[in-house]
Amino acid sequence: MRAERDSGGFAAIIASTIADNRKTFYKGLLIVIILCVAVGMRIHQNRASAVTVKESSPSQVQKDAQAFYVDVSGAVKSPGVYKASRKTRIFQIIEKAGGLTENADLDAVNQAAYVKDGEKIVIPSKATEGENIGGEASSTAGISSDGKVNINLASKDELMTLHGIGEVMADRIIEQRTNSRFQSIEDLKSVKGIGEVTYSNLKDDITV
């Protein structure tokens with residue numbers, strides 16, 4: 001009888017131990033499952049972030065590629081080189097340069113025009129001593145001290161003293177500068193009828 005009781009007690013101990021082990025096993029299994037789910041979610045989030053960065057990168061590269069620089073001088077408060085884009089207009093660059101000075105000549109600048117990469121933008125001052133910027137000029141304003149013809153200030157007759165410039169071409173130059181002041185002598189090539197050959201013959205005799 002005693003042996004049976006001992007045997008029954010031993011069996012109960014084994015059953016209790018197995019039950020405890022099962023509880024421990026299931027707890028451990030539950031912890032492992034929770035950790036696997038957490039790791040899986042973390043990996044998914046990292047992949048999603050990588051996809052987001054990958055998708056946004058080309059846009060950023062394109063934006064950087066569209067940026068360029070222009071040089072602003074003349075009647076602005078802070079002349080210098082400023083960053084711009086293909087949709088930047090002259091009035092926006094003027095704002096970046098601190099705004100206009102009191103003697104800036106707004107009539108000589110098309111502030112709504114778009115800027116170009118590497119462009120030199122010169123904001124002129126108001127004319128003094130009989131000068132008339134754009135259109136017809138006084139008889140002396142169009143000739144600089146070194147004898148060159150200022151294509152922004154020269155009168156029709158003064159323009160016609162240039163090699164290859166007749167009455168029709170002089171009128172075209174005056175019309176062009178009235179709409180948009182020449183920023184450099186190279187801008188003269190934007191006038192209809194003035195190509196590389198004509199410009200090459202003129203470039204040493206003109207100024208802005």
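Residues K83 and A67 approach most closely at CE-CB, 3.4 Å, considering heavy atoms. In plain terms, the two heavy atoms of S85 and V115 that are nearest each other are O-CG2, 4.1 Å. In plain terms, the two heavy atoms of D71 and G80 that are nearest each other are OD1-O, 3.3 Å. Closest approach of S190 and F182 over heavy atoms only: OG-CE2, 4.4 Å. The shortest heavy-atom contact between V72 and Y82 is CG2-CD1, 4.1 Å. What you find for A75 and P124 is that their closest heavy atoms are CB-O, 3.8 Å.
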Discussion item. For I143 and L153: C-alpha separation, side-chain torsions, deciding distance, then whether side chain to side chain contact (heavy atoms under 4.5 Å, CB included) applies.
Written reply: CA-CA 8 Å; I143 306 299; L153 304 177; over 6 Å; no
Practice prompt. Tell me, with the steps shown, if L100 and V76 meet side chain to side chain contact (heavy atoms under 4.5 Å, CB included).
Written response: CA-CA 4 Å; L100 298 167; V76 291; 4.3 Å; yes
Discussion item. Apply side chain to side chain contact (heavy atoms under 4.5 Å, CB included) to residues V149 and T207 and explain how you reach the verdict.
Written reply: CA-CA 6 Å; V149 175; T207 185; over 6 Å; no
Item to complete: Determine, stepwise, if the pair I94 / Q111 fulfils side chain to side chain contact (heavy atoms under 4.5 Å, CB included).
Response: CA-CA 9 Å; I94 290 174; Q111 297 188 70; 3.8 Å; yes
Discussion item. Working note: N103 + T101, criterion side-chain hydrogen bond (donor to acceptor under 3.5 Å, both in side chains); need CA distance, chi angles, decisive distance, verdict.
Written reply: CA-CA 6 Å; N103 64 335; T101 60; 2.8 Å; yes
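The main-chain N or O of K116 is found under 3.5 Å from a side-chain atom of E119 such that the two form a donor-acceptor pair. A distance-only check finds no donor-acceptor pair linking the side chain of K203 to the backbone of E186 [under 3.5 Å]. Under the 3.5 Å distance criterion, the side-chain polar atoms of D171 are left unmatched by any main-chain donor or acceptor of V168. A donor-acceptor distance shorter than 3.5 angstrom exists from the side chain of Q183 to the backbone of V122, with no hydrogens or angles considered. With E158 contributing its side chain and S155 its backbone, the two residues share a donor-acceptor pair below 3.5 Å. In this structure, R89 contributes its side chain and A112 its backbone to a donor-acceptor pair below 3.5 Å.
Annotation: side chain of I173 is in contact with side chain of I165 (closest heavy-atom distance under 4.5 Å). Side-chain contact between N201 and H163 is present, with at least one heavy-atom pair separated by less than 4.5 Å. Counting only heavy atoms from C-beta outward, the side chains of I123 and I121 approach each other to under 4.5 Å. Put simply, the side chain of M169 reaches to within 4.5 Å of the side chain of V191, judged on heavy atoms.
Counted within 6.0 Å of CZ on F91, heavy atoms from surrounding residues, nucleotides or ligands total more than 12; the atom is thus considered enclosed. Atom CD of E175 sits in a sparse spot, with 12 or fewer heavy atoms from other residues, nucleotides or ligands closer than 6.0 Å.
Distance check: Y114 OH to K87 NZ gives 7.5 Å after rounding to the nearest 0.5 Å. Note that the CG atom of D117 and the OG1 atom of T88 stand 11.0 Å from one another [nearest 0.5 Å]. If you take CZ on R172 and CD1 on I194, they are separated by 8.5 Å, rounding to the nearest 0.5 Å. Distance check: N152 CG to Q176 CD gives 10.5 Å after rounding to the nearest 0.5 Å. To the nearest 0.5 Å, atom CD1 of residue I90 and atom CD1 of residue I93 are 9.0 Å apart.
Cation-pi check for K189 over Y199 is met; the charged atom lies under 6.0 angstrom from the ring centroid and within 45 degrees of its normal.
No path of Ile, Leu, Val, Met, Phe, Trp and Tyr side chains, each step under 4.5 Å between heavy atoms, connects M160 with I206, placing them in separate hydrophobic clusters.
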